[in-house]
Amino acid sequence: MDNTSSTTEELKNIRQRIKSIRFKKGLTQDNMASMLNVSQNAYHKLENGHCRMSLHKFIDICKALEVEFIELVNGPEKIYTFSKFYKKPEVKEL
C-alpha cells in the first residue's frame with residue numbers, strides 16, 4: 001500500500017469514528033451542523049469525505065463531540081501516552 005492509499009484509508013477511518021461517536025451521543029448531522037455553525041449539507045460533506053476538513057473544523061468537531069482529537073485520529077483502542085518520555089517541569093515556590 002502506498003502512502004496515498006494509506007492516508008486515504010486513515011481519513012476514512014477518522015470520518016467513520018466521527019460518525020460513530022455522533023450516533024452514540026444521539027446527535028444528528030443537523031445537530032452537529034448547528035454546533036459548528038455550518039449548514040447541514042456542509043456538515044454532511046465533511047463527515048462523508050466529499051470535501052476537505054480543515055484542522056480548525058476538525059478541532060471544532062472534537063469539541064462538539066467532547067472527545068480528544070487523538071481518539072479520533074487513533075481510535076479508542078490505541079491509546080498512546082507520552083508520560084514516560086516527558087517529565088513535568090518542577091515548579092519552584094517563591
Output a table of donor-acceptor pairs, distance under 3.5 Å, between side-chain atoms of residues 27-36 and any protein atom two or more places apart or on a different chain; print 'none' if there are none.
unit_1	atom_1	unit_2	atom_2	d
Thr28	OG1	Asp30	N	3.3
Thr28	OG1	Asn31	N	2.9
Thr28	OG1	Asn31	OD1	3.0
Gln29	OE1	Gln40	NE2	2.8
Gln29	OE1	His44	ND1	3.3
Gln29	NE2	Glu47	OE2	3.0
Asn31	OD1	Thr28	N	2.7

Problem - Residues in side chain to side chain contact (heavy atoms under 4.5 Å, CB included) contact with Ser20, at least two apart in sequence or another chain - result: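 Here the qualifying residues are Lys24.
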
Distance from Arg52 atom CZ to Lys45 atom NZ, nearest 0.5 Å?
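Spacing of CZ (Arg52) from NZ (Lys45) equals 15.0 Å.
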
| Distance in Å, Ile18 CD1 paired with Glu71 CD, rounded so as to fall on 0.5 Å steps |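 Reported value, rounded in 0.5 Å steps: 11.0 Å.
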
Heavy atoms, side chains only, cut-off 4.5 Å: are [X] and [Y] in contact?
X: Phe58; Y: Ile14; value: yes
X: Glu66; Y: Ile21; value: no
X: Arg22; Y: Ile61; value: no

Sorted by chain and number, sequence neighbours left out, side-chain hydrogen bond (donor to acceptor under 3.5 Å, both in side chains) with His56 holds for Asp60

Heavy-atom closest pair (Lys19 atom, Asn48 atom, distance to 0.1 Å) is NZ-OD1, 4.0 Å

Exercise. Would you find a donor on one side and an acceptor on the other, under 3.5 Å apart, between the side chain of Arg15 and the backbone of Leu46?
Worked result: yes

Check whether more than 12 heavy atoms from other residues, nucleotides or ligands sit under 6.0 Å from atom NZ of Lys12, and answer yes or no.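 At most 12 heavy atoms, drawn from other residues, nucleotides or ligands, come within 6.0 Å of this atom.
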
(Q) Around atom NZ of Lys57, are there more than 12 heavy atoms from other residues, nucleotides or ligands closer than 6.0 Å? (A) yes

